[in-house]
Amino acid sequence: MGEWYDNAIVYQVYPKSFKDSNGDGIGDLAGITEKLDYFTPLGVNTLWLNPIFKSPQVDNGYDVSDFYGIDPQLGTMHDFDTLVSEAHARGLRIVLDMVLNHTSDQHPWFQQALQGPQNPYYDYYIWANGHAGQRPNNWGSFFGGSVWTQHPQVKDRYYFHLFERRMPDLNWRNPLVRGEMIKVANFWADRGIDGLRLDAFIHLAKADLHQNYPTTGAGPVVAEGMFANLPAVQSYLAEFVAGIKADHPDLFILGEAASATVNLAADYTRPHADMADAVISFRYFPTEPHAARTAVPQNYQPQRLDWLGFKQVMTDWQQTLLAPRRLTLYWGNHDMARVATRVGSRRYPQRSAKSLATLMYLQRGIPVLYYGDELGLSNGTLASLAAFGDPTVTAFANAARAAGWSPERILENVNATHKLTARAPLPWSDGVGHGFSTVAPWLAVTQEGTPVADQMADADSVWHHYQALFQLKQQPLFTTGAWQLQDWAPWLYAYTRTTEHEQALILVNISDRKQTLTLPAAWQHPAASKLPVGSVARHTDSVTLGPWSSVVYMKKETTN
Ligand code: NOJ
Ligand code: CA
């Protein structure tokens, strides 16, 4: 304990969608600098920026062609230095997204590697031979299709890519690669950044490539057992972190550990072992099993959060990652549909946006807020399936069409579940361009929702709720206090936070109906109530919470 990031409240900036400063429709670094005064009043003290390095933008910056340069669409190195110094002048920290697992195919290393095994960079990547037109194995990519793509000139020679085919994986078995990535990280740390979000680090190690993964189908299969969370990941991580922390002991290492279970997360955050300081896992949000079996794949069909499962997951994580380990708290990011669409209530959008925020962020852990969630934004809409430019959408649409779905229904389902429609330009104000840009934005997503300016002027807005919430979150009770779920009713998400002298009880009605809770004796006379949302009616020994209403009770003496 005692690191600056124990009190971090992180805001995830999707740079291309935050603020366009030069009228080309693309958000940029100067735009972020222009808006730096937005964060302190909101209660945010740390910004995580999605990748800003030079990139052909096949995957919005996760395909890096130069780790030492800023993408020209986003600005210049001068803009970057200005952003860092202006942020620091306001007490804001900057966390950069570091892509370790792969590069762009346009990266000079890969261009050299294409020249063949004699080239020193060949071994920076992962190659294997096919057999008579067959790929080396049946492993599937996260972005659809095989992980293998054939060398453009050499038949039967393939390179490996877990993501898009223009994003070849680096070969972490090669010590030169590991050294290069440490060099990159230190370069940015020397330039003054405060932390790194490690993209996809759980995939750095791969199993022996000469094996298929068991499956019934003929096509490629996403074989996580072959390339996720293998033991070597931990030694790669330790070497990398040690290589940075030697000179930059305060750098915050936030690992993206998408499929990590709670026990793996405990390994990845092992204290005093040069591991990550915290990780983000995608396992926080179990969904309800789909009622009917259907021929239409589930990936673009909305699935409701399984609340019991979620309570269990939170309990597991809170109790396993006890201090000095740290947790992250988040509802969404650029890889999933927005929380308002996934979890929020259609009938009570405002209330559910506020109550979900209270529910999540007063728990023990570091809040990581996805830009726009402070406005309660839901997923926007793209006008056509083609606008997604995503082969997995095409596959879904084909299956849905074959099952008799109408084009409108297909588009509606994809809009409500896709990551792209969660990346819309931030609406700053009403009117043309929504204060984001003076021209049409890079992404033609139509976004509904009340803009920043209106919400800042309205004391009852979701924005103001976040402000009050983050202010409360700064109290030691909510950063270090012990967490315990109080599972008193299925419609309720309740927990206590406890320190030696203080206690809080957080009550959230997660249903669309009015509900009454009999309060335990210890909570019948709280000293104070905070952050009321919706309708909260106190009676002598009970409280009635309207649909999606919530409240925080505080008292001085501790009872358990
Ligand atoms: C995880 C990132 O969050 C995602 O957006 C990206 O596509 C992959 N890693 C590949 O870098
Ligand atoms: Ca711009």
Side-chain angles (χ1 to χ4, degrees), residues 12-35 48-53 55-65 67 70-76 79-80 83 95-105 107 141-144 147 160-170 181 196-204 222 224 227-228 254-260 279-282 328 330 332-337 368 370-371 388-392 418-423 425-426 428 433 435-443:
Q12 181 187 350
V13 176
Y14 201 70
K16 289 170 86 171
S17 292
F18 193 68
K19 174 72 175 100
D20 173 23
S21 71
N22 62 348
D24 65 357
I26 306 169
D28 45 51
L29 298 183
I32 303 171
T33 304
E34 202 181 299
K35 291 290 185 186
W48 150 30
L49 274 48
N50 289 94
I52 58 169
F53 312 123
S55 160
Q57 303 288 331
V58 165
D59 187 22
N60 289 305
Y62 284 97
D63 50 318
V64 179
S65 55
F67 289 106
I70 302 291
D71 191 80
Q73 287 188 335
L74 298 179
T76 62
D79 294 337
F80 173 79
L83 170 60
V95 173
L96 288 191
D97 214 317
M98 168 96 197
V99 189
L100 302 169
N101 179 70
H102 43 268
T103 68
S104 160
D105 63 349
H107 195 290
S141 145
F142 289 122
F143 281 20
V147 297
F160 183 104
H161 54 89
L162 269 186
F163 298 93
E164 224 267 352
R165 71 178 165 78
R166 288 162 287 181
M167 296 157 74
D169 280 44
L170 286 163
M181 296 324 264
L196 288 172
R197 179 253 190 199
L198 306 186
D199 183 64
F201 81 92
I202 61 172
H203 301 299
L204 297 180
V222 176
E224 286 236 35
F227 45 63
L254 175 61
E256 186 217 12
S259 61
V279 295
I280 295 176
S281 161
F282 282 34
T328 53
Y330 79 102
N333 59 42
H334 64 292
D335 286 329
M336 55 179 82
V368 184
Y370 186 50
Y371 84 102
F388 287 90
D390 178 344
T392 65
H418 204 275
K419 59 187 180 183
L420 214 52
T421 36
R423 299 177 181 178
L426 191 70
W428 288 96
F436 166 76
S437 179
T438 49
V439 301
W442 69 281
L443 186 64

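No hydrogens, no waters, no symmetry mates; every other heavy atom, side chains included, goes into these values. Note that the coordinates shown come from a computational prediction; the quantities given were computed from them, not determined experimentally. When a ligand or atom number is given, it counts from 1 through the structure's own listing order.
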Original post:
Is there side-chain contact between Leu254 and Thr328, with at least one heavy-atom pair below 4.5 Å?
Top reply: yes

Subject >> Distance from atom 8 (C) of ligand 1 to nearest protein heavy atom, with residue and atom >> reply: Phe163 CE2, 3.7 Å

Subject >> Separation of Met98 CE from Phe67 CZ (nearest 0.5 Å) >> reply: 6.0 Å

**OP:** Could you walk me through whether Trp48 and Tyr370 pass ring pair (Phe, Tyr, Trp, His ring centres under 6.0 Å), step by step?
**Re:** CA-CA 10 Å; Trp48 150 30; Tyr370 186 50; 8.3 Å; no

**OP:** Have a look around the Ca ion (ligand 2) and list protein N/O/S atoms under 3.0 Å, or say none.
**Re:** Asp20 OD1, Asn22 OD1, Asp24 OD1, Ile26 O, Asp28 OD2

Original post:
Any non-hydrogen atom of Glu164 lying under 4.0 Å from ligand 1?
Top reply: no

**OP:** Taking only heavy atoms of His334 into account, list the atoms of ligand 1 that are under 4.0 Å away from them.
**Re:** 2 (C), 3 (O), 4 (C), 5 (O)

Original post:
Within the structure, does Lys419 bring an N/O atom to less than 3.5 angstrom of an N/O atom in ligand 1?
Top reply: no

Original post:
Can you tell me how far the OG atom of Ser21 sits from the CG atom of Leu29, to the nearest 0.5 Å?
Top reply: 8.5 Å

Original post:
Is there side-chain contact between Val58 and Phe143, with at least one heavy-atom pair below 4.5 Å?
Top reply: no

Original post:
Does at least one non-hydrogen atom of Phe142 fall below 4.0 angstrom from an atom of ligand 1?
Top reply: no

**OP:** Name the closest protein heavy atom to atom 1 (C) of ligand 1, giving the residue it belongs to and the distance to 0.1 Å.
**Re:** Asp199 OD1, 2.9 Å

Original post:
What is the closest protein heavy atom to atom 7 (O) of ligand 1, and at what distance does it sit?
Top reply: Asp59 OD2, 2.6 Å

Subject >> Leu204 side chain reached by Asn101 side chain, heavy atoms, under 4.5 Å >> reply: yes

**OP:** If you have a sec, work out which protein heavy atom is nearest atom 3 (O) of ligand 1 and how many Å separate them, to one decimal?
**Re:** Asp335 OD2, 2.4 Å

Original post:
Relative to each other, are the rings of His203 and Phe142 parallel, tilted or perpendicular (30° and 60° limits)?
Top reply: tilted

Original post:
Asp105 and side-chain contact (heavy atoms from CB on, under 4.5 Å): which partner among His161, Arg166, Met167?
Top reply: Arg166

**OP:** With heavy atoms of His102 as the reference, note each atom of ligand 1 found under 4.0 Å away.
**Re:** 10 (C), 11 (O)

Subject >> Proximity to ligand 1 by part of Phe143, non-hydrogen separation under 4.0 Å >> reply: side chain

**OP:** Please work out whether the ring planes of Phe282 and Tyr330 are parallel, tilted or perpendicular, with thresholds of 30° and 60°.
**Re:** tilted

Original post:
What residue among Tyr371, Tyr62, Tyr14 forms side chain to side chain donor-acceptor pair (under 3.5 Å) with His334?
Top reply: Tyr62

Original post:
Roughly how far apart are Leu426 CG and Lys35 NZ, rounded to 0.5 Å?
Top reply: 8.5 Å

**OP:** Kindly say whether Leu162 contributes a backbone atom to a donor-acceptor pair with the side chain of Ser141 at under 3.5 angstrom?
**Re:** yes

**OP:** Using a strict cut-off of 4.0 Å, indicate which atoms of ligand 1 neighbour a heavy atom of Glu256.
**Re:** 1 (C), 3 (O)

Original post:
Can a non-hydrogen atom of His203 be found less than 4.0 Å from any atom of ligand 1?
Top reply: no

